[in-house]
Amino acid sequence: MSTQQTIQPDELRRLEEAGDWLLRLNSATHTEADVEEWLRWCHADDRNLAAYEALQRDWQDLDALKQLPVVKPVRRSRVAWALAAGVAAVALTFSIVQMQSPSSAVVTAAVSNRAATLPDGSKMILGAQSLVNLDFSGPTRKLDLSSGEAYFKVKHDRLRPFVVQAGAVSVTAVGTAFDVRRQDDDIVVTVEEGIVEVAGDRETWRAAAGYQLRYSNRRRTASIATVNPAVALAWRSGELAYVREPLGSVIEDLNRYSEHKIVIDDPEIASLPFTGTAFAASLEDWLAGIEAAYPVSVRRVDDGEIVLSSR
């Protein structure tokens, strides 16, 4: 029987808030006011600090938690900074919540891509604003990609299939390297090495290295096309490449890396095909290029939201 537990929405919210605080506190521009507000947040609920202590205790062996920066105090009391030092030892933009054992956990990436070693020795790179729920306690290595994108380099074990669930689709591999990306309507599977089996509600498909499968939730069917994995998976280094991708899908993907949400207020703009590259670290340059190349205007509203409109 599986020992997997369900993480409640308030626990996930606490995890996201903690990631935001860690990012602010480790920023070179953090202030004493930031620290005071953060300490009030820690004291507001004992579970906040308990979650961090569990991370420190159970996940020190993960690559993502090695050699982490420590918050430098501005001027606080000895007790307050003892608490701050304990919390600051957790990764800024990568969080792992321990459940019953190291074989069952929730993994999230907040604002940038992060890498981790899974309990079986497999490697994972999680895209920004992505969430994976894993359960390795049974005969099948189970992962549930709730949102975003993840790349997996699977350690071979023919007796324990490696299965990634992404909405209505499950992707099964024994020993291979592949990527899964969730969008509003589509689920995209890109195979770098080996072969994967992709099962939908009605059919099952197989995709080999150098192929990309795109499953439509609306139509409940899939299409398979050849692809250059090096290009399709360049997002792992912050380079987001697209080939005739609807601009709406591109924006949906970029929003995981953008500090401010990008929205399109015209469906015709969303359907425009885009071929090109965007860099996660310089989305402002990409927006300027879009405005020059397409019949769109880019404007910013008071809350920081970026709106693409027809012109």
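Keep in mind it's a predicted model, so treat the numbers as computed, not measured.
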Exercise. So Ile125 and Asp179, side chain to side chain contact (heavy atoms under 4.5 Å, CB included) or not? Walk me through it.
Worked result: CA-CA 9 Å; Ile125 301 177; Asp179 179 89; over 6 Å; no
Exercise. Apart from Val263 itself, what residues make up its hydrophobic cluster when side-chain heavy atoms of I, L, V, M, F, W and Y under 4.5 Å apart count as a link, directly or indirectly?
Worked result: Val301, Val307
Seminar exercise, completed: Applied to residues 261-282, the side-chain hydrogen bond (donor to acceptor under 3.5 Å, both in side chains) test, sequence neighbours excluded, yields Asp265-Ser309, Asp266-Ser310
Exercise. Is there a chain of hydrophobic side chains (I, L, V, M, F, W, Y, each step under 4.5 Å between heavy atoms) that links Leu126 to Ile187?
Worked result: yes
Exercise. If Ile, Leu, Val, Met, Phe, Trp and Tyr residues are connected whenever their side-chain heavy atoms lie under 4.5 Å apart, and connections chain through other members, are Ile264 and Ile262 in the same group?
Worked result: yes
For this session: Give a yes or no on this: more than 12 heavy atoms of other residues, nucleotides or ligands lie within 6.0 Å of atom CZ of Arg311.
Result: yes
For this session: Can you measure from CG (Leu287) to NE2 (His260) and round to the nearest 0.5 angstrom?
Result: 11.0 Å
Exercise. Asp185 versus Ser216: any side-chain heavy-atom pair under 4.5 Å?
Worked result: yes
Seminar exercise, completed: Closest non-hydrogen atoms of Asn113 and Gly127, given as atom of the first, atom of the second and distance, are OD1-CA, 3.2 Å
For this session: Go through the structure and list residues passing side chain to side chain contact (heavy atoms under 4.5 Å, CB included) with Pro161, not counting sequence neighbours.
Result: Thr140, Val163, Thr172
Exercise. Glu252: what forms a salt bridge (Lys or Arg N to Asp or Glu O under 4.0 Å) with it, not counting sequence neighbours?
Worked result: none
Exercise. Do the side chain of Asn133 and the main chain of Ser146 share a donor and acceptor less than 3.5 angstrom apart?
Worked result: no
Problem set entry | Pairs satisfying side-chain hydrogen bond (donor to acceptor under 3.5 Å, both in side chains), at least one member in residues 283-304, at least two apart | Glu284-Arg300
Exercise. Hey, does the side chain of Gln165 reach the backbone of Val169 with a donor-acceptor pair shorter than 3.5 angstrom?
Worked result: yes
For this session: With rounding to the nearest 0.5 Å, note down the distance linking CG in Leu283 to OH in Tyr257.
Result: 10.0 Å
For this session: For Asp120, enumerate each residue passing the side-chain hydrogen bond (donor to acceptor under 3.5 Å, both in side chains) test, keeping only those at least two apart in sequence or located in another chain.
Result: Ser122, Arg141
For this session: With sequence neighbours left out, write down each residue that passes side-chain hydrogen bond (donor to acceptor under 3.5 Å, both in side chains) with Ser237, or none if nothing qualifies.
Result: none
Exercise. With Phe152, which residues qualify under ring pair (Phe, Tyr, Trp, His ring centres under 6.0 Å), at least two apart?
Worked result: Phe162, Phe178
Exercise. If you measure only the distance, is there a donor-acceptor pair under 3.5 Å linking the side chains of Asp253 and Trp235?
Worked result: no
Problem set entry | Pairs satisfying side-chain hydrogen bond (donor to acceptor under 3.5 Å, both in side chains), at least one member in residues 152-163, at least two apart | Lys153-Glu193
Name the atoms and distances for all side-chain donor-acceptor pairs under 3.5 Å in residues 197-212, with sequence neighbours left out.
from	atom 1	to	atom 2	distance (Å)
Gln212	NE2	Thr190	OG1	2.8

Exercise. Below 4.5 Å, heavy atoms only, C-beta onward: do Leu143 and Val180 meet side chain to side chain?
Worked result: no
Exercise. Side-chain contact, heavy-atom cut-off 4.5 Å: Leu254 with Val250?
Worked result: yes
For this session: Scan for salt bridge (Lys or Arg N to Asp or Glu O under 4.0 Å) pairs involving residues 231-244, sequence neighbours excluded, and state none if there are none.
Result: Glu192-Arg236
Problem set entry | Gly167 versus Arg182, closest heavy-atom pair with distance | N-NH1, 3.2 Å
Problem set entry | Residue pair Leu145 / Val171, side-chain heavy-atom distance below 4.5 Å | no
Exercise. Are Leu272 and Ile306 grouped together when hydrophobic residues (ILVMFWY) are joined by side-chain heavy atoms under 4.5 angstrom apart?
Worked result: yes
Exercise. Any donor and acceptor pair, going by atom type alone, linking the side chain of Ser130 with main-chain N or O of Ala128 inside 3.5 Å?
Worked result: yes
Problem set entry | Residues forming a side chain to side chain contact (heavy atoms under 4.5 Å, CB included) with Ser223, sequence neighbours excluded | Arg214
Exercise. Should Leu213 and Ile195 be counted in the same cluster of Ile, Leu, Val, Met, Phe, Trp and Tyr side chains packed under 4.5 Å apart?
Worked result: no
Exercise. Applying the 4.5 Å side-chain criterion to the ILVMFWY set and letting contacts propagate, would Ile269 and Ile251 be lumped into a single cluster?
Worked result: yes
